[in-house]
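Below is one structure; the comments refer to it alone.
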Amino acid sequence: MHTEHMLQMAVVFLLATVLAVPLAKRFRLAAVLGFLLAGVVIGPHALGLVGDTGRVAQVSELGVVLMLFVIGLELSPSRLKVMRHAVFGTGLMQVLVCGVALLAVAYYGFGLPLRAAIVVGAALALSSTAFGLQILAERKEAGLAYGRQAFAVLLFQDLAAIPLIAAVPLLGTGSATEGPLWLGALRVIGTIAVVMVGGRYLLRPLFRIVARTRMQEVSTATALLVVMGTAWVMELAGASATLGAFLAGVLLADSEYRHELESHIEPFKGLLLGLFFISVGMSLDLSLIRQAPWIVACLVLGLLLVKGVLLWPIGRWSGQLGGADALRMAVLLSSGGEFAFVVLNLALGQHLLEPRQRDLLVLAVSLSMALMPLLVTGLARVLREREAPQKREYDHIDTDAPRVIIAGFGRVGQIVARVLRAQHIPFVALEASVDQVDLVRRFGGTSIFFGDPARPDLLRAAQADKAEVFVLATDDPQANLRTARVVKRQFPHLKIVARARNRQHAFRLMDLSIDEPVRETFYSSLKMTRHVLEALGASQDSAEAQVDRFREHDEALLKTQYLVYDDETALMQSSREALADLERIFEADSQRRGSGGGIEGENA
């Protein structure tokens with residue numbers, strides 16, 4: 001019966017995940033919210049399909065342990081160094097200010113004991129990394145100023161969650177009869193030192209020995225052993241198991257086994273972390289909304305307002321954000337986060353919170369997370385309406401006569417500019433993206449202006465009539481063609497070097513008498529092909545000759561297909577004939593070189 005019960009629970013969890021998470025994605029919500037909703041539905045307060053929430057919570061905490069290990073594993077010192085001002089400036093300020101404010105509300109407003117108020121204030125100060133990063137990615141705003149600042153704050157919050165999780169058992173220990181607080185802290189610090197020193201000298205030799213076995217099962221078991229073992233040692237010392245997992249990740253962050261470890265842990269982490277959020281959803285008592293609607297509403301609105309009001313001046317204080325961007329960041333980070341569930345569950349286990357207090361806080365955090373995507377969308381709509389009439393004007397171009405004009409200053413345009421700058425060849429760059437212009441100007445040294453390169457007046461202001469070459473490097477094919485038409489009509493003396501997205505785009509450029517458009521992935525693909533042939537046993541000269549032969553054949557084919565590119569049947573026929581012709585060419589080359597000149601065991 002016990003086995004039957006376990007199988008039933010496993011089927012219920014998997015079915016809930018398979019249904020709820022895609023449904024959440026369908027409505028553009030984070031997967032975390034899907035897991036929470038699944039837990040609510042199958043939990044004891046709804047359908048009651050799973051009743052043993054305590055055992056589920058114990059197992060699901062392994063997901064949090066593995067998540068902290070991966071966070072430690074991804075903690076790159078070089079990345080932190082680059083972002084140190086934003087991470088340890090804005091991030092630290094946000095956690096301190098919001099934590100103290102929420103602590104005061106919990107202590108004075110709701111009458112919680114000081115230890116409990118400290119835990120609640122710190123837990124609610126943390127925002128949702130999963131929700132925040134997903135929203136930035138979906139809106140394609142991670143590279144904007146407010147997106148970068150929000151990422152830095154979320155990164156610091158992930159770091160701050162580690163000592164917070166470790167401190168909860170100490171606060172609980174200090175309130176019990178296990179000795180004074182300083183003694184527990186000393187024991188934890190000593191254990192951390194032992195783990196750090198022992199791990200540095202033991203873990204790498206251990207993984208080196210395991211790597212020699214070349215058995216994936218042993219590698220996976222070793223990775224889990226390191227995570228669980230370190231977590232268990234920290235738990236024995238009276239600290240949080242998650243702190244031990246984080247330390248294990250940090251110890252292995254710079255090792256050559258980092259990516260292999262992450263690939264072994266990731267499937268377990270994803271499933272168990274999903275189980276953790278399901279268990280949180282199972283524990284949500286939605287009847288509290290009916291029993292105490294005003295308390296729940298006050299908690300949710302209070303959390304959003306306190307954090308939102310404090311985050312706006314913090315964003316302005318950073319010196320990187322204007323008023324609108326600071327408001328975007330404030331709304332994005334105003335909700336509670338995943339780590340609040342972990343901390344509040346620990347606080348309940350350490351008797352710092354009563355079950356009803358914990359249930360109310362978890363419900364408030366969950367509702368705030370559910371509201372965040374709606375708030376971000378609503379704010380974006382309001383700001384778009386307000387900012388539409390105040391569109392930034394194009395720059396006034398005042399520069400010496402250039403020899404080259406570069407239209408588009410992304411990946412391609414910047415490489416051209418670096419070579420020109422190194423040879424002191426004067427150029428002017430025109431870029432239609434405000435954010436790209438502002439980013440490049442922070443580095444300095446580039447004559448770049450905000451404007452549409454398809455505008456004849458801007459081209460005249462950039463002195464295109466005195467330039468020699470026009471580099472068309474914009475990544476939008478339609479904008480690229482529009483600019484090419486204007487340049488050909490207004491400045492026919494300019495030699496145009498144009499970037500083409502693909503063959504069809506190249507054909508359209510050739511319609512404008514641009515004879516040799518540069519396909520953006522063609523030459524990098526040829527270089528990769530040469531490396532592949534060499535890896536298969538071809539000599540360097542042989543591989544280079546074959547790639548050159550293909551390049552010549554394809555360039556000739558491009559010109560041939562240009563004559564029939566609007567006839568799909570003729571285009572397909574020419575492609576088949578070209579493939580057969582290419583095979584004959586390579587076969588003839590192979591026979592001329594003889595069996596020793598090609599790839600071992602194959603015709604070149």
Side-chain angles (χ1 to χ4, degrees), residues 20-37 40 90 94 97-98 101-102 105 124-154 157 281 284 286 289 293-316 318 320-338 340 362-392 434-435:
V21 175
L23 192 62
K25 290 287 187 180
R26 173 68 180 81
F27 291 99
R28 303 180 68 115
L29 299 174
V32 175
L33 191 57
F35 285 122
L36 290 174
L37 292 174
V40 170
T90 311
Q94 184 272 328
V97 171
C98 292
L102 292 167
V105 172
L124 297 183
L126 305 179
S127 307
S128 174
T129 302
F131 275 41
L133 294 183
Q134 183 189 12
I135 288 175
L136 288 174
E138 287 177 351
R139 300 180 64 84
K140 298 180 180 179
E141 294 176 347
L144 302 185
Y146 97 93
R148 294 191 299 270
Q149 203 72 21
F151 174 77
V153 173
L154 290 171
Q157 289 182 0
L284 289 180
L286 297 182
I289 298 177
W294 293 110
I295 295 178
V296 173
C298 286
L299 287 173
V300 175
L301 294 177
L303 175 61
L304 294 173
L305 285 175
V306 169
K307 292 181 70 175
V309 168
L310 294 175
L311 274 162
W312 186 82
I314 291 172
R316 296 302 306 274
S318 69
Q320 302 292 324
L321 303 180
D325 278 346
L327 187 58
R328 289 187 179 97
M329 187 185 79
V331 171
L332 184 71
L333 303 180
S334 61
S335 74
E338 303 87 8
V362 167
L363 182 60
V365 170
S366 302
L367 292 176
S368 72
M369 291 170 67
L371 287 172
M372 188 176 66
L374 303 177
L375 294 174
V376 170
T377 303
L379 176 67
R381 194 167 297 166
V382 171
L383 291 178
R384 194 182 304 119
E385 292 174 357
R386 288 184 55 190
E387 293 173 354
Q390 303 173 355
K391 189 176 181 180
R392 175 167 159 176
V434 173
D435 297 312

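Any value given below was found using the heavy atoms of this structure, including those in side chains, with hydrogens, waters and symmetry copies removed. Since we're looking at a predicted model, the values are computed, not measured.
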Exercise. Would you please say whether a donor-acceptor pair under 3.5 Å links the side chains of Ser127 and Lys307?
Key: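 Per modelled atom types, Ser127 and Lys307 side chains form a pair under 3.5 Å.
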Quiz item: Has the side chain of Gln94 got a donor or acceptor atom that lies under 3.5 Å from a matching backbone atom of Ile314?
Solution: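 Not at all, since once roles are kept as given, no pair shorter than 3.5 Å links the two residues.
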Quick check: closest heavy atoms across [X] and [Y], and the distance to 0.1 Å?
X      : Y      : value
Ala150 : Leu332 : CB-CD2, 3.7 Å
Tyr146 : Met329 : CD1-N, 3.7 Å
Ala330 : Gly308 : CB-O, 3.5 Å
Leu102 : Ala125 : CD1-N, 3.7 Å
Ala101 : Leu310 : CB-CD1, 3.5 Å
Leu304 : Leu371 : CD1-CD1, 4.2 Å

Rounded distance [0.5 Å steps], [atom1] in [X] versus [atom2] in [Y]:
X      : Y      : atom1 : atom2 : value
Leu303 : Ser334 : CG    : OG    : 7.5 Å
Leu333 : Leu126 : CG    : CG    : 11.0 Å
Leu299 : Leu124 : CG    : CG    : 8.5 Å

